[in-house]
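What you see is a predicted model, and the numbers here were worked out from it, not measured in a lab. Chain A is the first sequence line, chain B the second, and so forth, proteins listed ahead of strands; every chain is numbered from 1.
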Amino acid sequence: MSRATPAQVSVERCPGGPILVRGADVVRDAGGTEHEVTRPVVAVCACGMSGRAPWCDGTHKVVAAKGAG
Amino acid sequence: MSAPLPAARGPVSELALGLLLGDEPRPLPLLPAGIDVLRDDDVQLALWLLLELHHRGLQGVDPDLEWDPEVIRLRRDLEEVHLAAVHELVRDRLALVDPDDDLSAQIATLLAQDDGPSVADFLARRADAEQFRDFLRQRSIYHLKESDPHAFVVPRLDGPAKVALAELQYDEFGAGRPAGLHSLLFAQALQACGLDPAYGAHLDEARASTLAVNTTMSIFGLHRRWRGAAMGHLAAFESTSSLPCRRIATGSRRLGLPDALAAYYEEHVEADAVHEQLAVRNICMPMVAAEPELREDVLLGVAACLALDALAGREQLELWHAGVTQEVPA
Ligand code: FES
Ligand SMILES: [Fe+2]
Ligand SMILES: [Fe+2]
């Protein structure tokens with residue numbers, strides 16, 4: 001017998017990049033605005049530079065490349 | 001929906017088309033010495049056609065030919081020369097990888113060396129609407145079966161890598177919503193731009209370098225033996241997507257092209273920022289941890305994706321700079 005279990009939220013930190021979040025319904029940003037989660041896994045920006053915050057848009061790589069250069 | 005049969009582009013594609021339409025099998029003609037297989041219209045079209053039997057099939061072609069020994073024989077012969085050319089193409093890139101690094105560092109080395117010319121920058125800043133449509137016609141060969149080649153790998157993996165590949169593919173395939181299927185989003189963008197959204201509609205205009213991007217993906221996906229390369233390819237593909245997609249969306253909005261087009265690319269800015277993490281960290285890394293002998297193949301797949309994309313991109317930019325908006329093969 002299986003029973004419905006409450007959705008479990010898991011969080012995975014990607015070094016130098018975003019945080020992968022699974023099982024969430026909404027992500028609340030720093031300003032308190034709620035963003036609906038529409039895909040099975042979302043990448044939440046952790047570098048603070050995304051143009052599509054709260055989601056990662058790859059900008060962290062540009063920032064890292066400039067930092068290294 | 002199956003692809004319509006294209007016009008032959010030379011003796012090899014003629015041979016393939018003949019075989020598919022029931023001609024007596026003939027041996028593959030000797031390919032000219034020094035032939036650039038990855039830029040050869042004739043060879044690439046023939047290979048694409050034979051591989052397509054495993055995807056959506058071809059209009060008017062008996063589906064049983066998918067496993068016909070003569071068809072497979074020709075496909076294998078062409079795959080062999082194709083793969084030899086791919087290995088040759090990536091040799092220098094792979095030489096830059098430090099064998100003592102861990103896999104993620106090795107992948108990062110290859111990604112950092114990516115010298116692909118920026119088609120996305122051209123689209124963002126300079127392209128006119130007709131050049132944008134050229135680009136979409138070429139890209140339609142892949143995007144109308146977006147992610148299908150990599151999906152063949154799911155049953156060849158196990159454990160965390162399999163779970164992560166399924167997770168990534170679920171997103172590509174609409175995350176439970178038929179309306180969200182990425183290939184459908186691209187078809188809608190084509191239609192909104194006044195282009196035929198039917199599967200294979202732009203095959204006759206597809207250049208060899210465009211076809212080579214696709215045949216490589218299909219070969220990697222279809223052969224269990226190349227599952228490592230397929231996943232390396234996926235990792236490179238997803239890792240080089242978010243930033244260019246943002247540029248392409250910018251170009252689309254600059255030109256006032258239909259919303260559906262920018263929406264497709266904006267979806268990929270966000271989706272592929274997730275997919276690149278999944279592909280590198282959750283697919284390739286656990287896969288190689290479980291099967292260490294796949295490491296070389298993963299790196300081959302990464303390098304092949306970057307090199308073939310660079311080849312196709314260079315050719316596209318050359319054509320645009322030469323003022324030729326559309327090259328129609330004879
Ligand atoms: S973490 Fe990717 S843009 Fe911030
Ligand atoms: Fe996609
Ligand atoms: Fe993707």
Side chain to side chain contact (heavy atoms under 4.5 Å, CB included) between A/Val41 and B/Asp171: does it pass, once the steps are laid out?
-> CA-CA 8 Å; A/Val41 199; B/Asp171 206 19; over 6 Å; no
Would you say B/Asp98 has more than 12 foreign heavy atoms packed within less than 6.0 Å of its CG?
-> yes
Taken to the nearest 0.5 Å, the spacing of B/Glu266 CD from A/Asp57 CG works out to 11.0 Å
Does the side chain to side chain contact (heavy atoms under 4.5 Å, CB included) test come out yes or no for A/Glu12 and B/Gln277, once each step is laid out?
-> CA-CA 10 Å; A/Glu12 179 183 343; B/Gln277 303 297 341; over 6 Å; no
Using a strict 4.0 Å threshold on nitrogen-to-oxygen distance, state whether B/Glu172 and A/Arg39 make a salt bridge.
-> no
Is the count of non-hydrogen atoms from other residues, nucleotides or ligands lying under 6.0 Å from B/Gln169 atom CD greater than 12?
-> yes
Under a 4.5 Å heavy-atom cut-off, does chain A meet the side chain of B/Asp272, its backbone, both or neither?
-> neither
Examine distances only and state if a side-chain atom of A/Lys61 and a backbone atom of B/Ser239 form a donor-acceptor pair shorter than 3.5 Å.
-> yes
All heavy atoms of A/Gly58 vs all of B/Ala273, minimum pair found to be N-CB, 4.4 Å
Check B/Arg281 against A/Arg13 and note the closest heavy-atom contact, atom names and distance.
-> NH2-O, 3.3 Å
Can you tell which part of B/Ala112 gets under 4.5 Å to a heavy atom of chain A, answering side chain, backbone, both or neither?
-> neither
Part of B/Glu276 lying under 4.5 Å from any heavy atom of chain A | side chain
Considering only heavy atoms, which portion of A/Thr59 lies under 4.5 Å from any heavy atom of chain B: side chain, backbone, both, or neither?
-> both
